[in-house]
Amino acid sequence: MITKEEWKKIRGSQNNPDHIMLTINGDARTSMTVTWRACTDIESGYALYRKKGEKDWLRTDADMGRFDSDMDSSNIFWAHIKALEPGEEYEYTCGNDNFRSEIYDFKTAENDLESFEFLCLSDTQGGGAEPPADYSVLNEIVREALRLHPDVRFILTAGDNTNCGQTDIQWTGLLDGMKGIIEHIPFMMSVGNHDDMGFGNYFTLENKYYSEKVEYFGKQFGGSYPDNGPEDWKTANYSFDYGNAHFCAIGLSGPEYVNEWLIEDTAKTDKTWKFGSHHFPICYQGSSLSCEDSYPMLREGMEKFDVVFSGHEHCFSRSYPRRGDNLWDRPSEGTVFYNMGSGHRNPSNMLVTPKLWNCAYYPHEEELSMYTVARVQGKKLTLTSYLEGDKAVDQCVIDKENDTIYPIALAPVFRTTRLMFKGADLGLCMRTLTCEEIDGLWYVPVAVMFRYTGFDVEMSKGAVTVSAFRHKATFTENSRTVITESGSFEMPSEVKRLQRGQLYVPADGICKAFGMRYSFFERNNLLSFEHELEDKPVPEQL
């Protein structure tokens, strides 16, 4: 435990400005926003700036907001520097008459910019409950990445910037850890589930909760990012332009409102490229994950993008272009969902497995960080993911001019309908068993499906009993009636004995019994079942 008084001496707000951070909150060619923190005794502030090489300083007064956290009370300042010249280097300092920062520099975007690079990070969270949270290793990792890629113009994150965003201990750890970097290069964050996570007692990790509006993030960065997100869900959702690209940071709450905003926001831009950043992966790679929180309600909005960057899994994967429930080959046909590995030596523990919707993946179980460099060159985009240092994990080139993706990878198209569970092929056990469509209904070999996924299956004469996802259901041959732990219900059709003597159950009946859903990928001829729970089933040993 640590008191607020003790914390004030360690990393609490002081008279001198700290947590100094650049962001894009307007036209990247002619403006830059500077954010900083000071104690509540400092009630006003301003930024001084000038073009490099010039003598006289110009002044911009800052907006201010109070931030009362679990460990401190501070004032956050946002200075919006405007009327800058495109493609020029500037230097600035921030604070008030008595307490000022040192001098830092930045560069504005050029006019008609079509070639630039940006750095993508995800899951940079770190530090345990004991303060101060240590993000010094992250500093070393990012500095090295920028040394190797000096043309990077800004940093884009895909969430989980902190390990527990509802405590000041974590945010001060992150912002202190990024010191020396984000004073010079814009830091464009998206939120993850850890960024809105909190505890009634952070030190004992008791009474876990989630702040739906990502309270601490909004109070610190409400003036840092564009105020153009959906009403009631701003700061966690915002959009900005850089060069010939449009970017949307996509939050985790209010998906129906965010979806409408994405559709409207992307319709307004004429940029060559549209990028989204959303923490939860749509084409996930983990063995037991789901995308229930995101894709059904955000699907139409997300499919407006060329690429959506994500995280959460702490492993790497890249999807085929996806639109609706179909996987395609060309960039014009769908969105590439690009899932990045851990940015702060937090390797995956999710046991990733091959998934039909991803054309490339890397398990990332080494104690190393990953980062992605995106290089835009007109109508060509090169995405390269690296393990810490310069060891490339994957590289792809999306070429809009020729409507190609290299390396070439064709999405599978099956002759007979394949059965998938959370995107994974059920493998050898399904070699001679396929799904069948009869009178407009899909039928599935229920025992084989659930045994493959590790759930308990009891087979008796003319019946199958399955225990899965905290439910139990019995399906009987030639019967529409399903007996469950909470009663019975009627399916749209009866259970049939089909291939190799297996009992085939209507897919709709399976979904109702276990709270699942399924999608038919018509172009690819596959049926994939989903469930929002992330249980990792193991058969019970008696």
Side-chain angles (χ1 to χ4, degrees), residues 281-292 294-296 299 302-303 308 313 317-331 333-337 339 352-361 405 408-455 466 468-469 492-493 496 498-500 502-512 514-532 534:
I282 304 307
C283 293
Y284 56 87
Q285 192 68 36
S287 58
S288 59
L289 289 185
S290 73
C291 61
E292 294 285 326
S294 302
Y295 205 43
R299 172 179 290 178
M302 284 197 172
E303 290 179 353
V308 173
E313 290 190 285
S317 62
R318 171 168 55 87
S319 79
Y320 298 101
R322 179 173 178 173
R323 182 166 294 148
D325 291 323
N326 282 306
L327 307 174
W328 302 92
D329 312 317
R330 298 182 180 278
E333 296 174 316
T335 300
V336 173
F337 292 97
N339 192 23
V352 299
T353 55
K355 297 297 178 77
L356 261 294
W357 43 54
N358 289 327
C359 57
Y361 81 100
I405 300 178
I408 296 169
L410 297 182
V413 177
F414 299 110
R415 181 188 303 178
T416 55
T417 307
R418 292 284 188 96
L419 178 61
M420 309 286 168
F421 180 76
K422 295 197 170 187
D425 193 324
L426 269 59
L428 293 175
C429 61
M430 292 295 297
R431 178 64 182 86
T432 56
L433 296 172
T434 59
C435 304
E436 288 198 21
E437 187 180 21
I438 303 173
D439 297 329
L441 295 176
W442 282 107
Y443 288 79
V444 174
V446 65
V448 177
M449 170 180 164
F450 281 100
R451 274 189 170 170
Y452 170 86
T453 53
F455 291 107
V466 176
F469 298 117
S493 184
K496 301 180 183 294
L498 298 175
Q499 300 173 25
R500 298 190 65 182
Q502 292 295 307
L503 295 185
Y504 274 60
V505 176
D508 293 334
I510 293 173
C511 289
K512 185 173 181 178
F514 300 107
M516 303 175 73
R517 67 179 179 91
Y518 74 91
S519 299
F520 177 56
F521 291 61
E522 184 176 9
R523 189 247 177 182
N524 312 98
N525 199 14
L526 63 90
L527 206 66
S528 184
F529 282 77
E530 299 282 333
H531 197 286
E532 64 179 341
E534 299 180 1

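The model shown is predicted, which means the values in this text are computed figures rather than measured ones.
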Has the side chain of [X] got a donor or acceptor atom that lies under 3.5 Å from a matching backbone atom of [Y]?
X    : Y    : result
H531 : F514 : yes
R322 : G324 : yes
N326 : E522 : yes
N358 : S317 : no

Counting only heavy atoms not in Q499 (residues, nucleotides, ligands), do more than 12 fall under 6.0 Å from its CD? yes
Within the supplied structure, the quantity of interest is the number of heavy atoms (other residues, nucleotides, ligands) at a distance under 6.0 Å from R299 CZ; does it exceed 12? yes
Does a side chain donor of either Q285 or N339 reach within less than 3.5 Å of an acceptor in the other side chain? no
Closest non-hydrogen atom pair between [X] and [Y], with its separation:
X    : Y    : answer
L527 : C435 : CD2-SG, 3.9 Å
L426 : F421 : CD1-N, 3.5 Å
D425 : Y452 : O-OH, 3.0 Å
R323 : G334 : NH2-N, 3.5 Å

List the steps and the verdict of side-chain contact (heavy atoms from CB on, under 4.5 Å) for V308 and I282. CA-CA 9 Å; V308 173; I282 304 307; 5.5 Å; no
How far apart are the C-alpha atoms of I510 and F450, what are their side-chain angles, what is the distance that settles it, and do they pass the side-chain contact (heavy atoms from CB on, under 4.5 Å) test? CA-CA 10 Å; I510 293 173; F450 281 100; 3.9 Å; yes
Member of P281, P321, S319 meeting the side chain to side chain contact (heavy atoms under 4.5 Å, CB included) criterion with F337: S319
Plane angle bin for F520 and W442 - parallel if under 30°, tilted between 30 and 60°, otherwise perpendicular: tilted
Show your reasoning for whether side-chain contact (heavy atoms from CB on, under 4.5 Å) applies to V505 and V444. CA-CA 5 Å; V505 176; V444 174; 5.9 Å; no
Check the pair M516 / E530 against side-chain contact (heavy atoms from CB on, under 4.5 Å), numbers first and verdict last. CA-CA 6 Å; M516 303 175 73; E530 299 282 333; over 6 Å; no
Distance from T434 atom OG1 to Y504 atom OH, nearest 0.5 Å? 5.0 Å
